[in-house]
Amino acid sequence: MKSITSREIKIGLAVLVALVALVFGINYLKGVNIFKAANYYYASYTNVSGLAQSAPVTLNGFKVGLVRDIAYEYDNPGHVKVELSLDRKLAIPEGTEAVIVSDMLGTATVELRMGESATMLPVGSLIKGVEGSGLMDMVGSELMPTIMTIAPHIDSLVVALTAVAGDPALISAIHRLDAVMANLETATTQLNRAMQPLPAITANANTTLANVSEITADLSQVSKALAAVSDDLKNMPLDSTMRNINQITANLDRASAQLNSANSSLGLLLNDPGLYNNVNNAAAHIDSILIDLKKQPKRYIPSIKVF
């Protein structure tokens, strides 16, 4: 009997634990944290399209709660009551609005727009519900009229584009563009070929620059040598040297004057034709005497008797 009772207790405890885990799991999947304390408020709407349980409640883009429950108000036909589970630390001032906001996919969330009153609403109070316009509603109300205005012109635009696309001039221009692109590709290839010798030219330019550097260094040395020569020239006795040169030039002038003068011996020797003729005749007589001496040496040298 004891064993049967203990078995039933174990089964009962297991079922209880399973039920608790099931409740916790369902609430967790709904986004409800049963271990976190929350305050409950209510909002009434005439249309909650896209809003579902566990939908987030946001304040300035930050999640501060979720939609706990959605129920139809039978005592207030045409209205739906939404229960909001909010963070217990959040105080709701009077004048706060709970706005339903829909995204592009139609999923709705509740956005709190806090009032400016210093008086806070008690927990369980009714917050003013506002049905905000979703993105699709804005598209239908604002964009669709513009689209309907543009739609009649689309047909004519398509016809014009078709006419332009079928214009032979456009086709010819496209063909010319193809030719231009082909020429551009050919020019690019030729340019690449022309650029191939550029590394060698660059190397030669580097060599030339190196030679220029060497020449510049040599010119620097030559400049230094010229500077040294200039210093030596500065230190030379140029005044005395010039005086000597001037004296030598004066002596040469006097000698030249004496040579040209008829009063000097050298002048007479150089300028008197008679003296030249006499010297020339004397040379001729000496020449004839030498010739006769060779022919008749006994005439000029007496014979010597040997005893």
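Below, all heavy atoms of this structure are taken into account, side chains as well, without hydrogens, waters or symmetry copies. Predicted model only: the values in this text are computed from it and were never measured.
- The main-chain N or O of G115 is found under 3.5 Å from a side-chain atom of T96 such that the two form a donor-acceptor pair.
- Annotation for A38 and S85: closest pair CB-OG, 3.3 Å, computed over non-hydrogen atoms.
- N60 CG: 12 or fewer foreign heavy atoms inside a 6.0 Å radius.
- Note on F62: it clusters hydrophobically with V67, by side-chain heavy-atom contacts below 4.5 Å among ILVMFWY residues.
- In the hydrophobic cluster analysis, where Ile, Leu, Val, Met, Phe, Trp and Tyr join through side-chain heavy atoms closer than 4.5 angstrom, I92 is grouped together with L59.
- Within the 3.5 Å criterion, the main-chain N or O of T216 finds a donor-acceptor partner in the side chain of S220.
- Of all the heavy atoms in S102 and A108, the pair that sits closest is OG-CB, 3.9 Å.
- Residue Y40 holds its OH atom at 8.5 Å from CZ of R88, rounded to the nearest 0.5 Å.
- To the nearest 0.5 angstrom, R68 atom CZ is 12.0 Å from L84 atom CG.
- Taking each heavy atom of V48 and I70 in turn, the nearest pair found is CG2-CG2, 4.5 Å.
- Summarising the hydrophobic clusters (Ile, Leu, Val, Met, Phe, Trp, Tyr; side-chain heavy atoms under 4.5 Å, direct or chained), the residues clustered with V222 are L226.
- Side-chain N/O atoms of S172 and R176 include a donor and acceptor closer than 3.5 Å.
- In this structure, the separation between CG on D287 and CD1 on I291 is 4.5 Å, given to the nearest 0.5 Å.
- Closest of all the heavy-atom pairs between E73 and V80 is OE2-C, 3.7 Å.
- To the nearest 0.5 angstrom, T186 atom OG1 is 12.5 Å from L191 atom CG.
- In this structure, V82 is a member of the same hydrophobic cluster as L121, with clusters built from ILVMFWY side-chain heavy atoms closer than 4.5 Å.
- M120 contributes atom CE, which lies 9.5 Å from atom CG of L90 (distance to the nearest 0.5 angstrom).
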Checklist entry - Which is it for Y74 and Y72 under the ring-ring contact (aromatic ring centres under 6.0 Å, His included) test, yes or no, and what are the steps along the way? => result CA-CA 6 Å; Y74 294 99; Y72 185 76; 5.1 Å; yes
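- In this structure, the side chains of V57 and Y41 stay at 4.5 Å or more apart for every pair of heavy atoms.
- Remark: E131 CD to I100 CD1 distance equals 6.0 Å, nearest 0.5 Å.
- Side-chain contact check for V110 versus T58: every heavy-atom pair is 4.5 Å or farther apart.
- Taken together through direct or relayed side-chain contacts under 4.5 Å among Ile, Leu, Val, Met, Phe, Trp and Tyr, L86 and M114 form part of one hydrophobic cluster.
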